[in-house]
There are 2 protein chains.
Amino acid sequence: MGIIERKKRQKQALRERILDAARRIVVHEGFAALSMRKIAEAIEYSPATLYLHFASRDEIARALCAEGYAQLLATFVPLVGIADPAERLKALGRAYVAFGVAHPQTYRLIFMEDPSYTGAALGGAAGVSDAGQAGALTDQDAASAATDSVVDTTASATAAISADPAANFATVAPAEDPGAAAMHIMLAALEELRAAGRLPASMDATVWAEALWATLHGIVALNLTCPVFPTAPLDTLVGVALDAWLGVPEATPQQANRRTAPPRNVASAAGARKKKSAADRAAQASQLESPDEPENHPPTRPPHARSAEALPKKPLSAGAKRRSTTT
Amino acid sequence: MGIIERKKRQKQALRERILDAARRIVVHEGFAALSMRKIAEAIEYSPATLYLHFASRDEIARALCAEGYAQLLATFVPLVGIADPAERLKALGRAYVAFGVAHPQTYRLIFMEDPSYTGAALGGAAGVSDAGQAGALTDQDAASAATDSVVDTTASATAAISADPAANFATVAPAEDPGAAAMHIMLAALEELRAAGRLPASMDATVWAEALWATLHGIVALNLTCPVFPTAPLDTLVGVALDAWLGVPEATPQQANRRTAPPRNVASAAGARKKKSAADRAAQASQLESPDEPENHPPTRPPHARSAEALPKKPLSAGAKRRSTTT
DNA sequence: GTCTATACGGGGATAGAC
DNA sequence: GTCTATCCCCGTATAGAC
């Protein structure tokens with residue numbers, strides 16, 4: 001059966017070449033610029049060939065979503081070991097926002113584009129058959145070298161959750177659903193806080209987890225889409241939000257079990273506000289974290305100019321690219 | 001000069017017919033389904049004619065954005081009169097989320113699609129020359145009847161802000177920038193709360209306003225895009241979030257000036273959680289508010305089936321409509 | 001001045017030839 | 001398995017009809 005195996009491997013390889021090319025286009029030019037023809041040209045195949053590996057452009061997008069979500073989850077792995085649940089949650093929140101700012105195109109694709117895409121990212125491996133073996137979203141030309149790192153980290157993330165002693169009481173996260181895994185990380189931390197009396201006993205952990213996530217998503221989404229708000233630095237916003245939900249870190253210990261929410265003396269650095277520019281956004285990203293690949297800047301650029309291309313200059317509403325002779 | 005006047009009026013009328021048709025398509029089929037050819041067919045003109053009134057499809061989109069944002073602002077008008085600033089903010093928050101759920105396509109277009117669109121909605125009349133005279137987004141066939149209601153309510157909204165006695169100390173909202181107007185509404189309420197000692201004196205009102213807005217936007221955006229989260233009812237989420245930011249309403253008055261944040265016994269109705277369905281989303285919308293036009297359902301349907309079409313079945317990635325013979 | 005007919009380039013997807 | 005040719009959709013530029 002060696003011949004069949006080889007054929008299977010070759011098919012696999014082409015499938016991943018397709019995804020690599022697609023990923024590169026999305027990261028550099030935005031999802032709107034992703035076209036079957038462009039992918040085909042990149043891998044030097046006919047457009048029709050793509051349909052032997054993916055049923056549609058949507059399916060390619062969903063495969064990219066699953067990869068991107070795994071990449072996001074991998075970001076959380078080193079943070080689940082933080083002992084203090086509030087600090088853990090805050091670190092996770094900062095990492096989440098940092099990911100969104102560092103990988104705007106991927107974040108948009110996963111969480112802001114289409115419900116079916118978001119579902120593919122969250123709905124477990126069932127939705128996307130290829131979610132497991134996909135390459136990382138690091139978007140470098142050497143994509144083949146890092147091929148299976150993402151699935152590994154995803155698996156270890158789930159393992160880390162149940163391995164963490166503090167998270168024992170959390171229900172076991174189903175390994176096949178990364179969305180549930182991430183949710184369980186939050187739930188565990190929230191319930192630890194409640195058990196320690198640092199959140200009200202009446203709190204519904206699920207509601208709080210979803211609301212907290214929505215808050216972080218709102219910060220990222222607004223930043224990616226709205227040119228004028230927020231004017232405040234991103235980390236300031238994240239800090240205020242996390243403190244609002246979890247209380248400021250140095251809560252006076254003697255009244256901790258009632259969560260009396262001490263005066264929120266957080267982030268009154270109003271002087272930092274200013275009109276946003278692309279450079280500001282990039283600066284905010286590096287304040288929070290400095291991840292691997294700053295998404296979508298053209299191949300080579302002076303470092304300070306990177307941020308100018310970090311956000312899509314134009315959504316490229318199909319068919320308005322080459323023909324601009326007059327305008 | 002009567003003839004010139006008449007010509008100008010005719011041009012205006014055609015312009016609004018274009019916008020009406022475009023609005024109808026967006027509301028019913030989603031922004032992705034909006035095409036120049038489809039608009040032209042709807043108004044029974046040649047596609048080229050549209051370009052005599054709008055420079056591009058993007059410009060039509062931006063005009064629709066300005067309208068939609070004005071419609072959203074109009075929703076706030078009756079609420080700025082609420083005396084208690086916390087209650088006012090909560091009412092505004094609920095109205096905001098209710099708008100997003102009731103008009104998903106409009107909300108997506110304004111806040112989730114493209115930075116230039118969002119900028120057109122927020123950036124004041126400067127960005128979009130036609131923002132003033134646009135029709136309401138009520139999406140009924142009788143769009144001509146309600147033509148100038150939106151601009152009126154927008155103007156009165158700005159007026160109401162400065163007219164409200166409690167908001168006197170807020171800097172005067174520049175009338176030409178609806179984004180700034182909305183922001184000033186929030187700022188005024190937050191500063192009232194701080195002046196009353198119900199928020200910490202160190203609070204940066206601008207940061208809080210932006211963070212609060214981001215929270216609400218996150219709730220709406222997640223609901224519109226993510227098929228599995230949030231599982232909690234929307235109004236529960238909004239309640240928890242508003243309480244987290246503003247404290248629960250019945251804060252014990254004797255310690256009010258320190259904002260000691262009494263136990264948050266809010267919304268522990270965990271029993272209400274369930275997997276989301278389109279019907280649930282619609283139910284959540286009506287829980288919060290019952291606005292005029294439930295967006296994007298096909299012309300006539302039994303009422304309970306409306307919600308099934310309330311969210312776009314498919315983003316209609318251009319050119320995948322007619323040709324589906326196999327799939 | 002208004003408007004249409006026509007054309008170009010690009011897009012998703014498919015049928016059928018090799 | 002792969003490609004060529006094709007279909008229909010799209011945004012939009014332009015020439016020329018009225």
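Residue numbers begin at 1 in each chain, while the letters A, B, ... track the order of the sequences.
- Across dG11(C), dC10(D), dC3(D), the shortest atom-to-atom separation from the side chain of R37(B) is found for dC10(D).
- Per the geometry, CZ belonging to R9(B) stands 18 Å off C1' belonging to dT2(C), to the nearest Å.
- Side-chain atoms of R17(A) come within 3.5 Å of backbone atoms of I43(A) as a donor-acceptor pair (strictly under, hydrogens ignored).
- Judged by distance alone, with hydrogens and angles left aside, the side-chain atoms of R108(B) form a donor-acceptor pair with the main-chain N or O of E113(A) at under 3.5 Å.
- Between the side chain of T106(B) and the backbone N or O of G68(B) there is no donor-acceptor pair closer than 3.5 Å.
- In this structure, the side chains of E67(B) and L64(B) come closer than 4.5 Å at one or more pairs of heavy atoms.
- Here L34(B) lies in heavy-atom contact (under 4.0 Å) with sugar-phosphate atoms only.
- I18(B) has its CD1 atom 9 Å from the P atom of dC3(C), to the nearest Å.
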Tabulate atom names and distances for all N/O pairs under 3.5 angstrom spanning the protein and nucleotides 15-18 of chain D.
none

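- Note: F111(B) and Y96(B) have tilted aromatic rings, judged against thresholds of 30 and 60 degrees for the angle between ring planes.
- Rounded to an integer number of Å, the gap from CZ of R15(B) to P of dT2(C) is 14 Å.
- The interatomic distance linking D58(A) (CG) with dA13(C) (P) rounds to 7 Å, in whole Å.
- Atom NE2 of H53(B) and atom C1' of dT12(D) are 16 Å apart (whole Å).
- Taking every side-chain heavy atom of R57(B) into account, dG11(D) is the closest of dT2(D), dG12(C), dG11(D).
- Summarising the geometry, the separation between CD on E44(B) and C1' on dT2(C) is reported as 17 Å, rounded to the nearest angstrom.
- Note: CD1 (I43(B)) to C1' (dC3(C)) measures 12 Å, nearest angstrom.
- Atom CD of E44(A) has 12 or fewer heavy atoms from other residues, nucleotides or ligands within 6.0 Å.
- Contact check, Y45(B) against dC3(C): a side-chain N or O comes under 4.0 Å of OP1 or OP2.
- In this structure, the CD atom of Q12(A) is 14 Å from the P atom of dG1(D), given to the nearest Å.
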Fill in: side chain to side chain donor-acceptor pair (under 3.5 Å) between D58(A) and S56(A), worked out
CA-CA 5 Å; D58(A) 272 2; S56(A) 66; 5.1 Å; no
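- Contacts of T49(B) with the nucleic acid, taken as non-hydrogen atoms under 4.0 Å apart, include base atoms.
- Distances from the side chain of M36(A) to the nucleotides dA13(C), dC10(D), dT2(C) place dA13(C) closest.
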